[in-house]
Structures are given as structure tokens and as C-alpha cells.
*Asks:* 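My structure is below; once you've seen it, I'll send some questions.
Computation of the quantities below employed the complete heavy-atom set of this structure, encompassing side-chain atoms and omitting hydrogens, waters and symmetry-equivalent molecules. Residue numbers start from 1 in every chain, and the chains themselves are labelled A, B, ... in the order their sequence lines are given, proteins ahead of strands.
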There are 2 protein chains.
Amino acid sequence: MKKNHPLPMYYQIEEFLKREISEGTFQAGDMIPSERELSERFQVSRMTVRQAVSNMVNDGILYREKGRGTFVAEKKIEQPLKGLTSFTEDMKLRGMTSATRLLSFDVMQAPQDIASKLKLEEGEVYAVKRIRFADRQAMAVETSFLPVSLLPDLTEDIVQGSMYEYMEHVLDLTISHARQEIEARAADENEGTELQIEAGAPVLHIERCSYLDNGIPFEVVKSTYRADRYKFISDIVR
Amino acid sequence: MKKNHPLPMYYQIEEFLKREISEGTFQAGDMIPSERELSERFQVSRMTVRQAVSNMVNDGILYREKGRGTFVAEKKIEQPLKGLTSFTEDMKLRGMTSATRLLSFDVMQAPQDIASKLKLEEGEVYAVKRIRFADRQAMAVETSFLPVSLLPDLTEDIVQGSMYEYMEHVLDLTISHARQEIEARAADENEGTELQIEAGAPVLHIERCSYLDNGIPFEVVKSTYRADRYKFISDIVR
DNA sequence: CCCTTATAGTTGTCTATACCAGTTTAAATT
DNA sequence: AATTTAAACTGGTATAGACAACTATAAGGG
């Protein structure tokens with residue numbers, strides 16, 4: 001425990017508690033040391049301990065009972081199959097190598113439906129069209145629409161790499177959630193050519209609108225996946 | 001603002017802020033008064049104001065930017081689109097009337113893939129095949145497999161009604177979560193006849209394995225939806 | 001033996017203050 | 001006028017206490 005600068009004390013206490021839980025020192029249902037005890041052990045004020053514990057309660061790792069103590073919660077459902085992922089992350093999870101070919105990168109006036117989904121009165125969007133490859137085979141064709149106002153300095157280079165990475169670590173934006181619509185379609189001529197399948201073959205069409213933690217929508221993606229190679233998997237809770 | 005007993009001060013401050021937001025005094029993107037200003041206005045310490053604001057930040061109503069201020073978030077997505085629903089519930093949410101026609105109700109030795117997904121060494125399952133209608137039109141054909149061991153007294157009558165209702169309220173089982181695989185296919189002859197579409201038309205095929213809160217799988221459902229009438233919608237978080 | 005009553009331990013709420021780090025604005029300087 | 005600097009904000013972290021509300025346990029009285 002470093003008392004001075006490096007990391008906030010409450011954060012170090014969180015890490016200590018999480019380590020003890022993962023190592024089994026504190027098991028599900030066990031009471032952890034009381035706030036006063038922890039504050040004495042780490043030589044910090046009780047409010048600081050409370051901040052650490054409160055964060056973990058919010059994360060569902062601990063729960064408090066007034067007058068009794070603070071306890072370790074049952075471990076949550078196996079990591080709910082990380083929900084919102086980029087194509088690159090998704091393929092990695094499936095153990096496949098991914099690649100991308102940029103078809104076009106334009107700035108345009110937002111089409112009606114896109115503007116409404118991105119809540120833009122009027123405004124320009126980037127339109128990024130890419131073909132996604134998995135294990136060297138065309139898997140999907142994908143068009144992303146992003147507001148220029150949010151990402152003023154987007155370049156082709158960034159788009160070629162991991163855009164989520166760029167947004168989260170360079171621009172310091174936090175990606176929060178998305179709503180997705182999935183339907184089956186027959187491939188049209190264009191999609192057929194791009195995905196090297198016959199027109200009329202079934203494809204999986206996914207339209208996703210993603211949001212930042214402040215609730216602002218930042219991306220609409222329309223993807224078309226080859227149905228013979230791609231299966232969409234998700235976990236849901238009741 | 002009552003200074004003494006009735007409700008905690010931080011709670012009253014939360015209510016004040018929520019009211020101002022819902023009345024439009026503070027709109028999405030607006031900065032709310034600073035913590036120091038609020039603490040002076042309500043004659044409480046800044047830490048108390050922080051507790052109110054922190055709760056609302058955790059709820060996604062507000063967001064903080066260090067050095068700048070605290071702001072009202074865009075109003076969140078309408079109800080997080082209840083995840084795991086039955087066909088009946090799903091159609092109701094979409095504002096459609098639903099109906100079901102039972103095609104067959106059998107007890108059989110579990111097929112290989114079903115047995116493995118239900119974690120049955122060997123054992124019998126109910127196989128329930130149904131056509132689902134929405135607004136009087138065929139929407140999907142669906143086959144459910146359920147272990148006889150878990151639902152020894154399942155009857156045709158129950159299956160005709162709401163099975164989730166029966167499980168949760170009669171058998172007192174708690175349905176917890178499910179994993180779903182979604183893919184696009186071309187309808188085969190059978191599906192075409194049952195759904196009144198041409199063979200080869202695109203359909204959405206969904207396979208779902210559902211679990212109780214104790215982790216035991218209790219149902220595998222294979223559904224085929226008409227692509228021209230059904231779109232699968234889900235919310236996901238990062 | 002059962003029931004009541006202290007008592008000690010827990011979280012819940014709150015105070016008044018302090019300093020830090022980042023952002024914006026206004027003043028001072030060039 | 002443009003640039004730099006300083007001041008005045010903002011939220012982030014932390015202290016050292018205090019009393020209230022609730023729970024479990026141990027002591028005492030019937």
C-alpha cells in the first residue's frame with residue numbers, strides 16, 4: 001500500500017478485496033472485515049474504505065446489510081459473453097484471424113434514417129464501408145456511420161485499425177451499450193459480389209446503434225454477414 | 001427540505017435534481033449547479049451533495065467531467081428491452097396478438113445434440129412442436145425440448161398456454177438466463193409449407209438454451225421465423 | 001428455563017475541512 | 001492583437017470525527 005501518489009487509496013483497497021475474494025480468502029456469503037477494521041488496517045479514514053466498498057457494491061461484488069456487515073455476493077453468471085464487441089474482438093474470441101479491406105471512406109450529409117438514429121438535426125457523417133475477412137475468407141460487408149462532430153479528426157488510417165480502441169483510449173470516450181436489430185435477408189446483387197455468394201443466398205443483416213455513457217449515440221452500423229459462415233451468439237437474462 | 005429525520009438529505013437532493021430534470025429546468029447536456037453551490041443552497045456539506053450526485057451518476061442520469069462540471073445525460077433507452085421473453089410476451093411487447101397451434105407433443109429419447117445441451121446422460125425429453133401466429137398470420141415454427149425429469153407432469157393443455165407462467169408460478173422454478181444462436185437460412189420444403197412461404201426464402205433460425213437460477217438447463221428451443229415479418233431486437237452492454 | 005435488557009458491533013448518514021488535478025476565464029505580458 | 005500567465009472555478013481524493021439505526025450477543029431478572 002503506497003500512501004502517496006500512485007493510485008488512490010480506495011482503489012488499492014478495492015484491489016486488495018478483489019484479490020482476497022478471487023483467492024478464496026473471502027468466499028461467497030462470507031462477511032468481509034468491517035469498515036472500521038479495514039480503515040484501521042490500512043490506516044485510512046472510514047469514509048475512504050466506504051468509497052472502496054461502495055464501488056464494489058455497485059458492481060454487485062459485495063452487498064451490505066445494515067447492522068450486520070458487508071458480505072461477498074454469489075459470483076455472477078459466467079462472464080455474460082462480452083456483449084458489445086467490435087468485429088476484430090468478436091473474431092478473436094472465436095479463434096479466427098481477422099482482416100479488413102476498406103472499400104470507401106466518405107464524408108456526407110447524413111441520410112434521413114441515420115440522422116434520426118444519431119439524433120442529428122442536420123449534420124455530416126463519415127460513411128465507412130468495409131469488407132471483413134475471417135481466416136482469409138469474406139465474412140461480412142459493413143457500413144458505419146459516425147457523426148463528424150464527435151470525431152472531427154477521423155482518418156483512413158484510424159479506420160483501418162481498431163476504432164473502438166481509438167475512441168476509448170485516444171479520445172477518452174466510454175462506449176456504453178447498443179441496440180441491435182437482426183434479420184434474415186436474401187443477398188442482393190451487390191452483396192453477392194462483395195461476399196462472393198450468389199444473389200438470393202440467405203444473409204444475416206445486423207443494424208446496430210451504439211451509445212456512449214452519456215447517452216449520446218455515436219455510431220450506426222449496418223452489417224451483412226454470410227449466413228453460411230456466421231452465427232450470431234448472445235446471452236440474455238430474464 | 002426537512003433537515004431532520006424524515007428522509008436522508010442526499011435522497012431529498014436526488015429528488016430535487018430529478019424533478020428539475022423531468023420538468024426541463026435542466027435539460028440533457030446542461031450542467032447542473034456545482035457541488036459547492038448545491039451544498040450552500042441546501043445548507044449541507046459537499047460530501048452529502050456528492051452522495052446524491054454519485055447515486056445519480058451510477059444510475060446513468062448524470063455524468064461528471066473533471067474540471068468542467070456535472071451534466072445531465074441523454075435520457076436512457078426506453079425500458080432496456082426485457083431480455084428473455086416467451087413468444088407470447090414478445091408479441092405483446094410489439095403490440096401484436098399472438099396465437100399458437102400445437103403440431104405435435106411427444107415424449108422421446110433425447111437426440112444427441114439436445115441431450116448434450118441439456119446435460120442429460122441419457123433420458124427422455126418432451127418434444128413440443130408449435131406454429132406461432134402473430135395477428136393471425138404464421139410467424140414462426142418452433143420445436144421445444146424439455147427434460148421429462150424436470151417437468152414430470154407436463155400436459156398438452158399446459159403447453160397450449162404459457163409454459164413460462166406454469167414453470168415460474170406452479171412449479172416455482174426461477175428462469176434465469178439463456179444463450180442464443182441466431183443465423184439466417186433458406187427455408188426448406190417443410191418450413192415453407194408450415195410458414196406459407198416459398199422454399200428457399202430467407203428465414204431467421206434461432207436456437208436457444210435456457211437455464212434456471214441454479215444453473216441447470218431446462219429447455220432447448222429451435223425456432224424458425226419468417227424473415228419478412230420478424231426482426232430480432234436486443235440490447236447489449238459493453 | 002425463558003424473557004427482557006444492556007451492550008458492543010455493524011452499516012447509514014452527515015459535518016467541516018483540506019489539498020490535488022484538470023478546465024476555463026480573465027488579466028498581464030509581449 | 002496574439003500569447004502567456006495567473007486566478008477562479010470544476011470534480012477527485014482523503015481526513016477525523018459524530019450520532020443514528022439496526023443486529024447479535026451476553027448479562028440479568030422473572
*Asks:* With sequence neighbours excluded, what pairs up with A:S104 under the side-chain hydrogen bond (donor to acceptor under 3.5 Å, both in side chains) test?
*Replies:*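 Applying side-chain hydrogen bond (donor to acceptor under 3.5 Å, both in side chains) to A:S104 gives none.
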
*Asks:* Within residues 29-41 of chain A, find the residues that approach DNA chain C with a heavy atom at under 4.0 Å, and present them sorted by residue number.
*Replies:*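 Going residue by residue through residues 29-41 of chain A, the ones with a heavy atom under 4.0 Å of DNA chain C turn out to be A:M31, A:S34, A:E35, A:R36.
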
*Asks:* Apply ring-ring contact (aromatic ring centres under 6.0 Å, His included) to B:Y126 and list each qualifying residue two or more places apart in sequence or on a separate chain.
*Replies:*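 Applying ring-ring contact (aromatic ring centres under 6.0 Å, His included) to B:Y126 gives B:F105.
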
*Asks:* Tell me, please, which residues at least two apart from B:Y10 pass ring-ring contact (aromatic ring centres under 6.0 Å, His included).
*Replies:*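 Applying ring-ring contact (aromatic ring centres under 6.0 Å, His included) to B:Y10 gives none.
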
*Asks:* I want to confirm an ordering. Mapping B:T70 and A:R46 to their closest nucleotides on DNA chain D, which one lands closer to the 5' end?
*Replies:*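 Per heavy-atom nearest nucleotide, the more 5' residue is B:T70.
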
*Asks:* Considering residues at least two apart in sequence or located in another chain, which fulfil the side-chain hydrogen bond (donor to acceptor under 3.5 Å, both in side chains) criterion with B:S22?
*Replies:*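 For B:S22 there are no side-chain hydrogen bond (donor to acceptor under 3.5 Å, both in side chains) partners, ignoring immediate neighbours.
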
*Asks:* To the nearest Å, how far apart are B:F71 CZ and D:dG11 C1'?
*Replies:*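 Result: 10 Å.
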
*Asks:* OP1 or OP2 of C:dA16 sitting under 4.0 Å from any side-chain N/O of B:S45?
*Replies:*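 Answer no for this pair, as no side-chain N or O of B:S45 is under 4.0 Å from OP1 or OP2.
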
*Asks:* Provide, to the nearest angstrom, the distance between the CE atom belonging to A:M9 and the C1' atom belonging to D:dG12.
*Replies:*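 So the CE-C1' distance, A:M9 to D:dG12, works out to 15 Å.
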
*Asks:* Among residues 51-58 of chain A, which ones have heavy-atom contacts with DNA chain C below 4.0 Å?
*Replies:*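 Residues of residues 51-58 of chain A that come under 4.0 Å of DNA chain C do not exist, since none gets that close.
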
*Asks:* Whole Å only: how far is the OH atom of B:Y10 from the P atom of C:dT15?
*Replies:*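 Atom-to-atom, B:Y10 to C:dT15, this comes out as 13 Å.
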
*Asks:* According to ring-ring contact (aromatic ring centres under 6.0 Å, His included), who are the partners of B:Y63, at least two apart in sequence or on a separate chain?
*Replies:*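 So B:Y63 forms a ring-ring contact (aromatic ring centres under 6.0 Å, His included) with B:F71.
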
*Asks:* So, the side chain of A:R229 versus the backbone of A:A138: is there a donor-acceptor pair under 3.5 Å, distance only?
*Replies:*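 Yes; at least one donor-acceptor contact below 3.5 Å.
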
*Asks:* Holding to side-chain hydrogen bond (donor to acceptor under 3.5 Å, both in side chains), I want the full list of residues that pass it with B:E165, two or more places apart in sequence or in another chain.
*Replies:*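 For B:E165, the residues satisfying side-chain hydrogen bond (donor to acceptor under 3.5 Å, both in side chains) (neighbours in sequence not counted) are B:H169.
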
*Asks:* Parallel, tilted or perpendicular: which one describes the rings of A:F42 and A:F16, with boundaries at 30° and 60°?
*Replies:*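 Plane angle over 60°, so perpendicular.
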
*Asks:* Rounded to whole Å, please give me the gap between CZ in B:R50 and P in C:dT15.
*Replies:*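 It works out to 15 Å between those atoms.
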
*Asks:* Without decimals, in angstroms, what is the distance between A:I13 CD1 and D:dA14 C1'?
*Replies:*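 A:I13 atom CD1 is separated from D:dA14 atom C1' by 11 Å.
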
*Asks:* Out of D:dG11, C:dT13, C:dT15, which nucleotide sits closest to the side chain of B:V44?
*Replies:*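 Output: C:dT15.
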
*Asks:* Any donor-acceptor pair under 3.5 Å linking the side-chain atoms of A:E14 with those of A:N55?
*Replies:*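 A pair is found: one side chain offers a donor N or O, the other an acceptor, under 3.5 Å apart.
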
*Asks:* Find the distance B:Q43:CD to C:dC14:P and express it as a whole number of Å.
*Replies:*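 Taking atom P of C:dC14 as the reference, CD of B:Q43 is at 15 Å.
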
*Asks:* Listed by chain and number, what are the side-chain hydrogen bond (donor to acceptor under 3.5 Å, both in side chains) partners of A:R94, not counting sequence neighbours?
*Replies:*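 Once residues adjacent in sequence are excluded, the partners of A:R94 under the side-chain hydrogen bond (donor to acceptor under 3.5 Å, both in side chains) criterion are A:D90, A:Y230.
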
*Asks:* Please list, one pair per line, the donor and acceptor atoms closer than 3.5 Å that link side chains of residues 31-38 of chain A to other protein atoms, with sequence neighbours excluded.
*Replies:*
| from | atom 1 | to | atom 2 | distance (Å) |
| --- | --- | --- | --- | --- |
| A:S34 | OG | A:E37 | N | 3.2 |
| A:E35 | OE1 | A:R46 | NE | 2.8 |
| A:E35 | OE1 | A:R46 | NH2 | 3.0 |
| A:E35 | OE1 | A:R50 | NH1 | 3.3 |
| A:E35 | OE2 | A:R50 | NH1 | 3.0 |
| A:E35 | OE2 | A:R64 | NH1 | 3.1 |

*Asks:* What pairs with A:E15 under side chain to side chain contact (heavy atoms under 4.5 Å, CB included), at least two apart in sequence or on another chain?
*Replies:*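 A:E15 satisfies side chain to side chain contact (heavy atoms under 4.5 Å, CB included) with A:Y11 only.
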
*Asks:* Taking only N/O atoms, report every protein-nucleotides 24-26 of chain C pair under 3.5 Å with atom names and distance.
*Replies:*
| from | atom 1 | to | atom 2 | distance (Å) |
| --- | --- | --- | --- | --- |
| C:dT24 | OP1 | B:R68 | NH1 | 3.0 |

*Asks:* Could you state the CG-P distance from A:L62 to C:dG12, rounded to the nearest angstrom?
*Replies:*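 Rounded to whole Å, this separation is 12 Å.
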
*Asks:* Could you tell me the separation between the NZ atom of A:K66 and the C1' atom of C:dT10, rounded to a whole number of Å?
*Replies:*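 So the NZ-C1' distance, A:K66 to C:dT10, works out to 11 Å.
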
*Asks:* By nearest heavy atom, map A:R64 and B:T48 onto DNA chain C; which one lands nearer the 5' end?
*Replies:*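 Of the two residues, A:R64 wins.
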
